[in-house]
Amino acid sequence: MRAVVIGGGVSGLLAARVLTESCDDVVVLERDRLSDQPEYRAGVPQGRHVHGLLVRGGQIMEELFPGLREELVDAGASLTDAGEARLLNRHGWLASAKTGLPLLTASRPLLETSIRLRVTAKIMDGVHVTGLSFRGSEVDGVLTRDGRVDADLVVDASGRSSKLARWLADAGIATPEPTVVDSCTGYATRLYTAPEGFPALIAELLAAPDHARGCAVMRVEGDRLMVTAQGAGGDHPPHDPDEYQEFLDSLRGPVADMLRAASPLTGVHRFARTASRRNAFEDAGGWPGGLVAVGDAVCAFNPVYGQGMTVAAMEALLFRGLSDFSAKGCRGFQREVAKTARAAWLLSSGADQGWTGDHRPGLGERAFAWYMEQWQIAITRDPRVFLRFIRVINMVDGPASLMKPVVFPRLYRAVRRG
């Protein structure tokens with residue numbers, strides 16, 4: 001059995017890793033030219049900015065690549081307890097508590113390169129995939145600028161730039177229109193030297209409609225700080241270094257003052273392609289056999305929430321249950337992918353709708369928003385409430401954990417104390 005994975009990013013590499021457990025031959029096709037050294041590349045335009053690897057994602061990667069965490073730390077990544085991240089929401093600083101959950105902070109190039117060097121699948125770079133090859137109603141390979149590559153299973157992990165919907169339409173297979181939620185968030189990132197004792201992660205969180213400016217500062221390899229300023233609703237941080245500093249000075253939190261002892265190492269890099277987009281491929285009519293899609297090709301999240309790599313890791317594990325490459329088997333797999341991404345999609349897209357101005361929430365949505373606001377208050381005051389929340393945000397526990405009646409008394413008392 002041969003599996004061909006389109007895309008050599010984190011999602012494609014993790015999918016390839018799990019597929020090597022059941023397929024004789026796994027090939028990854030990547031459009032970019034790749035290096036054995038951590039380098040920024042065109043296919044990951046957000047790679048210069050803070051990338052959050054949530055705890056659950058880190059756990060899965062450690063399971064798939066034993067020793068990866070230690071290897072990354074040896075390369076300069078920071079390892080801290082997830083409860084020690086310093087986070088500022090609209091109500092104040094979140095409480096802190098020892099969670100026992102390891103949180104890694106590293107640059108995207110270091111993480112991706114470390115994974116790629118451990119994957120045993122054949123990785124072919126500089127390959128531009130142009131379409132799918134069909135045999136009747138089944139996909140039997142991919143088309144490239146240089147020819148055709150046979151496959152028993154094709155996995156689209158090509159990310160936000162995926163052309164899968166168009167390729168299927170060319171074959172007469174209609175897919176639902178994607179759901180798009182655009183908070184008009186933009187980033188601007190600059191690298192600095194890391195002053196001694198600077199936290200591994202400090203962030204000022206965006207919150208509609210009043211707090212359109214925020215930032216995330218992450219300690220990365222090379223004893224550097226990656227400082228990503230964020231602006232929602234079109235209030236994007238500027239490219240000019242002096243204006244960028246003014247943007248940081250305008251924030252509520254102390255990041256600008258904390259950086260007085262740091263020296264900038266680079267210019268300012270911007271990124272604004274942050275709209276959340278979900279393709280309901282599981283509802284497509286006539287889905288072919290021999291084809292599945294994962295990662296951002298299916299559900300691309302606003303990167304500000306740091307969910308993408310962790311959801312991709314969770315989806316990669318689904319390949320352990322895929323043995324039927326028929327249309328029925330592949331459609332069932334797409335349903336599982338949709339289920340895996342659903343909770344993260346609801347949390348992030350729901351928050352982003354506060355910036356769109358064109359969404360009128362129903363009674364149920366307003367009730368849920370009110371309830372989550374109580375959580376936002378309580379997590380600044382009660383470490384035990386915070387502990388439950390941080391496990392959900394890091395996808396270690398599901399969102400249902402926030403709805404259990406056992407939490408209501410503590411939630412009530414924490415809010416009343418305010």
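Each residue takes its place number in the sequence, starting with 1.
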Q. Do other residues, nucleotides or ligands put more than 12 heavy atoms under 6.0 Å from the CZ atom of Arg277?
A. no
Q: Report yes or no: does Trp287 contribute a side-chain atom to a donor-acceptor pair with the main-chain N or O of Ile173 at less than 3.5 Å?
A: no
**Q.** Thr105 side chain vs Arg219 backbone, donor-acceptor pair below 3.5 Å
**A.** yes
Q: Please examine the side chains of Phe389 and Gln376, heavy atoms only from C-beta on, and report whether any two atoms are closer than 4.5 Å.
A: yes
Q. Is atom CZ of Arg252 surrounded by more than 12 heavy atoms (other residues, nucleotides or ligands) closer than 6.0 Å?
A. yes
**Q.** 4.5 Å side-chain heavy-atom contact, Thr228 and Val304
**A.** no
Q.
For the residue pair Asp324 / Ser326, report whether a side-chain donor-acceptor contact shorter than 3.5 Å exists.
A. yes
Q) Is it true that atom CD of Glu177 has more than 12 heavy atoms of other residues, nucleotides or ligands lying nearer than 6.0 Å? A) no
Q | Donor-acceptor under 3.5 Å (Asp152 side chain, Arg2 main chain) | A | yes
Q.
Taking the side chain as everything from C-beta on, heavy atoms only, tell me whether Leu225 gets closer than 4.5 Å to Leu259.
A. yes
Q. Does Thr310 reach the main-chain N or O of Leu54 with its side chain, forming a donor-acceptor pair under 3.5 Å?
A. yes
**Q.** Non-hydrogen side-chain atoms of Val337 and Val292 separated by less than 4.5 Å
**A.** no
(Q) Under a 3.5 Å cutoff, is there a donor and acceptor pairing between the side chains of Thr185 and Ser183? (A) yes
(Q) Between Gln374 and Tyr371 (side chain of the first, backbone of the second, donor and acceptor by atom type, cut-off under 3.5 Å), is there such a pair? (A) no
Q.
What I want to check is whether the side chains of Thr113 and Gln37 have a donor and an acceptor closer together than 3.5 Å.
A. no
Q | Check: Ser158 side chain, Ser161 main-chain N or O, donor-acceptor pair, under 3.5 Å | A | no
(Q) Check this for me: does any side-chain nitrogen of one of Glu30 and Arg41 sit under 4.0 Å from a carboxylate oxygen of the other? (A) yes
Q: Verify the neighbour count for atom CZ of Phe408: are there more than 12 heavy atoms of other residues, nucleotides or ligands below 6.0 Å?
A: yes
Q: Would you name the heavy atoms of Asn302 and Tyr187 that are closest together and state the gap between them?
A: OD1-OH, 3.9 Å
Q: Could you tell me whether Asp125 and Arg33 make a salt bridge, using a distance below 4.0 angstrom between a side-chain N and a carboxylate O?
A: yes
Q) Counting only N and O atoms by type, is there a donor-acceptor contact under 3.5 Å from the side chain of His239 to the main-chain atoms of Val268? A) yes
Q: Using a cut-off of 6.0 Å, state whether more than 12 heavy atoms not belonging to Arg135 lie near its atom CZ.
A: no
**Q.** N/O donor-acceptor pair under 3.5 Å between Gln307 side chain and Ala344 backbone
**A.** yes
Q) When you check the gap from the basic side-chain N to the acidic O, do Glu63 and Arg17 get nearer than 4.0 Å? A) no
Q. Can a donor-acceptor pair be found between the side chains of Arg388 and Ser401 at a distance below 3.5 Å?
A. yes
Q) Counting only N and O atoms by type, is there a donor-acceptor contact under 3.5 Å from the side chain of Arg224 to the main-chain atoms of Ala194? A) no
